[in-house]
Amino acid sequence: MAETRSTILNPTSPQQGRAFVSAANLASIVEELPDALVTLDHNWRITFANAEARRVSRINSVDLHHRTHWELYPETVGTELETVYRDVMANRVARDTEFHYAPFDLWLDIHITPIDGGIALYYRDISSGKRPESKHNISSRQLAQVFQGVPDAIVCLDRSWTFTLANDIAKALFKADDLIGSNLWTRFPVNFEEPYASSYRTTMEQRIPTEFEAHYPEPLNLWFKVSARPIEDGIIIFATDITDRKHTEAARDATARRLQQVFEATTDGVVSLHWDWTITFLNQQAATVLGREDLTGKCLWDEFPLAVDTEFYDRSHETMERRTPCEFEAFYPEPLNVWFAIQCRPSNDGIVVFFRDVTAERAAKQILLDQQAALSFVQQTARVATWDIDLTTEAMTFSDGSFEVFGHPLSTLKNLGAVKDVVDPPYVEAIDTCIREAIDTHVVTSSDYPVIAADGGTIWVESRGTVLYDANGEAKHLRGMTTDITARKQNEAELLDSEARYRVLADLNPQALWIGSPEGRIVYANQGFLDYIGKTLETIGNQGWHDAFDEADRPSVLAAWMYSVATGEEYRIDAHLTRAVDQKPRWWSLRALPVRNEAGAIQQWLGVAYDIHDLRTTADTLLEKHMETERQRAELETVYRTAPIGLALFDPVDFRYLRVNDRLAEMIGLPINQILGRTISEIAPPAARQILEQVVAERQTQHRLIEGEFPNSPGDLHYFNVNYAPVFALDGSIQAIATATLDITHQKKSEQALIQSEKLAAVGRLASSISHEINNPLEAITNLLYLVAMDESLPEAIKPYVHMAQSELGRVSQIVTQTLRFHRQAVRPTEVTGAELVNAVLNLYQGRLTNSGIRVEAKYVSSTRIRCFENDIRQVLNNLIANAIDAMRNGGRLVVRAHDAISYGDGTSAPRSGVRITIADTGHGMPEGVRARIFEPFYTTKDLNGTGLGLWISSGIVTHHEGRLTVRSSQDSTHHGTVFSLFLPTSGQREA
């Protein structure tokens, strides 16, 4: 500001002269602007205010450059307005806001924009309707920046038609960055034409404002709306680019349509009513607010019958009949439920109604009333009184809702003297001093003092106030608030007493206590600590405390302390302190934490220290014992977790699983985390809980054999050997029950299978014995039938029967022979073809195949002989064919193939040649789960009809012969069945 003022007062060149004209012109323009303009520097001091700002905001000239915005308007502190101001000041981005300033009862529409050195406030009083306007005012160099925010081009011409000012919009619009100093007529010769020339000359010469719209041809080729206004040294021209609007207007074909678009642009609803109350026009806003798009041509009262016999009905009829305008607010119920602000204006063919939804505004007013009531409540609750003192008359007034903080009715305290009369006399002079300081320094001042209440008691209060000045800088009013601080004063007194007691307790405390300043200086240590290190409060200051540490530890102690002081982090260190009595270093642990105020700043450090020498010297031994204990615990934990038997721990009340090892979780078939916490009844067979209850009752170890199913795997019967042992606490109570479980399911099934196998072996031996015994009679019968058949006297009619008897007898003989061969155990391998192996088994099942309706398709394309234990391989084929027959209860095809083949194994061994025998059926097939387990022992899908050992034994036999047995199966609806493939290597192809 000082530099600008110097330039204005001392022009030494044409350029400086033009700058003077520009500043003067800008000041003149801003002073006459109808809206208020205020500029604030970075310290929030008001540096400029035009006439409207001084009127609206009641700013005195003495306030400029002296008072901050927050001092003049303390009620804005802590509001949304302060947040917006500070955001623009910090981020340099313009913002708009509306704000209601309660002390003046004004609604303001404010535009805040950043400028060099601070921000500018451009605002207007919108209390009557909040009509938005947009103008920017400038002052000196700051005001010129405000002009840059105006969307219009602005130029100033002196009386010689020379450009003295142009904002950036003007330079960009006129495509000329060097306008300043050039002549209007030479730079833009089109201005000699109309309406430019006559308008500009009228304004310049006759000092009459002019406005016009005109097209400027190439090179600009733009339409402008131009407004010329006289100023002291020439004229100012406002030019708006209206090219787009002109193009739009050219496309409009009627004045009515243009008028309608104007109505559509307004934020108010507009309805035109004919004499007969027919709606002849409504804009889009009206249709939106009323929720109807089809009202044109309809009677108002028919469409809105609830408006009849209301204020709207009476007032609109008054305008229609008496031709007098009116304004009012009215409420329309369901379905709108809206408060309307309505203006009725007579027109040539009826009336025009302007209305808008003011429901939110009325709600806001109600909120304001509620807030005022809340403020009164807060004052009463917080024991606060707000007041205003006329410094000329010393008259004192209190705001509504103020608390009787002085202990007297506020109605009796009509002036400053009356207040001083109730103040404790020694403090009256301090009040006068505080008021003089507020007047002289222009800052908020405060004072604490006691008053004598009407009941004779003492009340401590705090008064804070700020002075308001008139336009001449004279102090006129002192405004502020007084708060009852009696409780705070009592707390302060108690705090002083408490601090004194703390000092005594600290000195008596056997533990070392110390206090540090925010800068790291040790300011206090209790007496016990001082005696230990042989120091006093005077000698520990600065670095005196540092000498108490062992010389080797001093650098680390000091570095850790300085780091904590710098960062605010906790101070913690172990170091050697020298004991003064014998000068021996001992281990001490020191710790300190910062004490912060409400703003987060460190006020002091509180520290403790204690002797840990004995603890440190025994720490190594304890650590070794701890590590050994942990090692043993880890070993036991590993043994417990990986033990081959199931281990568990139960609580003795609900019998819930407390611990489970991996083996028991595997037996149960659930993850450990799904077992822990559940009761034994939810997991194990019912008998298990009964045994646990018996253990608790008898307090003795129990050994049981349990059989049953787990709830999560019904139908899967298991057998377990379980030990149950109580775990006793020191007091003799049972604190847990430990169990050890051994799964003996395989053992039990093996025993059952062994019994079944012995039965089958006995049956086999009996069958072999029977076959051997009937073999001789069969030979005799065979010979007799042969003699009968050879007798020439045999009638022809009898011969077919004899031949049939020979055939069936031959079949019986073959069955007997095969039975004997199955029973005999070979002691050495023999060589046999695939066909011989398969045919022997098929012959054995011939009757069953026929009865089951199964068609056999056998094909042998290999004559290679295999060296094997013939009966063992027949047992394998017997199992495969028997299973195939069982899978085709309703008939089907049994396909048997034998051919030479090469087996590549798993890809890690050399290929081998041999014979592959394939047994395929067209049965129902096997699901994936069954197919994966068919070679497991005791796994069967035949319920009581199977042992689950057939394929397991077959797999072992094939492995013993170094062959391979594989299976494929499908349950597809069109292609279903199972295929077993048996590969047997030739004698020279056995694996090593």
Angle between ring planes, [X] versus [Y], binned at 30° and 60°: parallel, tilted or perpendicular?
{"X": "Tyr101", "Y": "Phe104", "answer": "perpendicular"}
{"X": "Phe328", "Y": "Phe312", "answer": "tilted"}
{"X": "Trp107", "Y": "His100", "answer": "tilted"}

Would you give the length of the straight line joining atom [atom1] of [X] to atom [atom2] of [Y], rounded to the nearest 0.5 angstrom?
{"X": "Leu416", "Y": "Ile435", "atom1": "CG", "atom2": "CD1", "answer": "5.0 Å"}
{"X": "Thr483", "Y": "Arg488", "atom1": "OG1", "atom2": "CZ", "answer": "8.5 Å"}
{"X": "Glu82", "Y": "Trp44", "atom1": "CD", "atom2": "CH2", "answer": "8.0 Å"}
{"X": "Asp421", "Y": "Asn415", "atom1": "CG", "atom2": "CG", "answer": "8.0 Å"}
{"X": "Phe48", "Y": "Asp41", "atom1": "CZ", "atom2": "CG", "answer": "14.5 Å"}
{"X": "Arg54", "Y": "Ser61", "atom1": "CZ", "atom2": "OG", "answer": "8.0 Å"}

Can you name the closest pair of heavy atoms from [X] and [Y] and give their distance?
{"X": "Ala166", "Y": "Ile180", "result": "N-CD1, 3.6 Å"}
{"X": "Ile602", "Y": "Gly568", "result": "CD1-CA, 3.9 Å"}
{"X": "Ala453", "Y": "His408", "result": "C-NE2, 3.6 Å"}
{"X": "Thr412", "Y": "Ala418", "result": "O-CB, 3.9 Å"}
{"X": "Arg207", "Y": "Gly234", "result": "NH2-O, 3.1 Å"}
{"X": "Ala330", "Y": "Ile342", "result": "CB-CD1, 4.4 Å"}

Judged by modelled atom types alone, do [X] and [Y] share a side-chain donor-acceptor pair under 3.5 Å?
{"X": "Thr210", "Y": "Thr202", "value": "no"}
{"X": "Tyr427", "Y": "Ser447", "value": "no"}
{"X": "Ser316", "Y": "Thr319", "value": "no"}
{"X": "Arg383", "Y": "Thr381", "value": "no"}
{"X": "Ser402", "Y": "Trp387", "value": "no"}

Any donor-acceptor N/O pair, [X] side chain to [Y] backbone, under 3.5 Å:
{"X": "Glu71", "Y": "Thr68", "result": "yes"}
{"X": "Asn597", "Y": "Ala601", "result": "yes"}
{"X": "Asp390", "Y": "Thr392", "result": "yes"}

Electrostatic pair [X]-[Y], nearest N-O below 4.0 angstrom:
{"X": "Asp87", "Y": "Arg95", "result": "yes"}
{"X": "Lys225", "Y": "Asp152", "result": "no"}
{"X": "Glu329", "Y": "Arg362", "result": "yes"}

Out of Asp424, Asp484, Thr486, Val451, which one pairs with Trp460 under the side chain to side chain contact (heavy atoms under 4.5 Å, CB included) rule?
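Going through the options one by one, the only one that passes is Thr486.
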Check the pair Arg356 / Glu361 against salt bridge (Lys or Arg N to Asp or Glu O under 4.0 Å), numbers first and verdict last.
CA-CA 11 Å; Arg356 57 189 175 88; Glu361 294 178 17; 2.7 Å; yes
Could you please spell out the steps behind the side chain to side chain contact (heavy atoms under 4.5 Å, CB included) verdict for Ile115 and Thr39?
CA-CA 9 Å; Ile115 60 174; Thr39 59; 4.0 Å; yes
Could you give me the CA-CA distance, side-chain angles and deciding distance for Asp233 and Arg159, then say whether side chain to side chain contact (heavy atoms under 4.5 Å, CB included) is met?
CA-CA 6 Å; Asp233 296 312; Arg159 293 184 182 273; 5.6 Å; no
[Y] and [X], any side-chain heavy atoms less than 4.5 Å apart:
{"X": "Leu81", "Y": "Thr97", "value": "yes"}
{"X": "Ile237", "Y": "Val226", "value": "yes"}
{"X": "Asp432", "Y": "Arg436", "value": "yes"}
{"X": "Phe99", "Y": "Val84", "value": "no"}
{"X": "Leu106", "Y": "Val56", "value": "yes"}
{"X": "Leu121", "Y": "Ile119", "value": "yes"}
{"X": "Gln285", "Y": "Asp268", "value": "no"}
{"X": "Glu98", "Y": "Ile126", "value": "yes"}

For salt bridge (Lys or Arg N to Asp or Glu O under 4.0 Å), just list the numbers for Arg345 and Glu327, CA-CA rounded to whole Å, side-chain angles, deciding distance to a tenth of an Å, and then say yes or no.
CA-CA 9 Å; Arg345 298 288 185 267; Glu327 295 184 14; 3.1 Å; yes
Return the set of residues passing ring pair (Phe, Tyr, Trp, His ring centres under 6.0 Å) with Tyr449 (not counting sequence neighbours), or none when no residue passes.
none
Just jot down the ring pair (Phe, Tyr, Trp, His ring centres under 6.0 Å) partners of Phe403, sequence neighbours excluded, or say none.
none
Apply salt bridge (Lys or Arg N to Asp or Glu O under 4.0 Å) to residues Glu211 and Arg229 and explain how you reach the verdict.
CA-CA 9 Å; Glu211 291 185 5; Arg229 296 289 184 270; 2.6 Å; yes
Residue among Tyr332, Phe355, Phe331 satisfying ring-ring contact (aromatic ring centres under 6.0 Å, His included) with Trp339:
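Testing Trp339 for a ring-ring contact (aromatic ring centres under 6.0 Å, His included) against Tyr332, Phe355, Phe331 leaves exactly one candidate, Phe331.
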Test Arg45 against Thr47 for side-chain hydrogen bond (donor to acceptor under 3.5 Å, both in side chains), laying out the working first.
CA-CA 6 Å; Arg45 286 191 296 268; Thr47 58; over 6 Å; no
So for atom [atom1], which belongs to [X], do other residues, nucleotides or ligands contribute more than 12 heavy atoms lying within a distance under 6.0 Å?
{"X": "Lys476", "atom1": "NZ", "answer": "yes"}
{"X": "Glu80", "atom1": "CD", "answer": "no"}
{"X": "Asp400", "atom1": "CG", "answer": "no"}

Run the side-chain hydrogen bond (donor to acceptor under 3.5 Å, both in side chains) check on Ser57 and Tyr123 step by step: do they pass?
CA-CA 10 Å; Ser57 300; Tyr123 57 96; 2.5 Å; yes
Between Phe406 and Thr482, does the side chain to side chain contact (heavy atoms under 4.5 Å, CB included) criterion hold? Intermediate values first, please.
CA-CA 9 Å; Phe406 295 102; Thr482 299; 3.8 Å; yes
Which of Thr386, Thr466, Asp388 passes side-chain hydrogen bond (donor to acceptor under 3.5 Å, both in side chains) with Arg479? It is Asp388
Might you work through the side chain to side chain contact (heavy atoms under 4.5 Å, CB included) test for Val270 and Val352, ending with a clear yes or no?
CA-CA 7 Å; Val270 181; Val352 178; 3.9 Å; yes
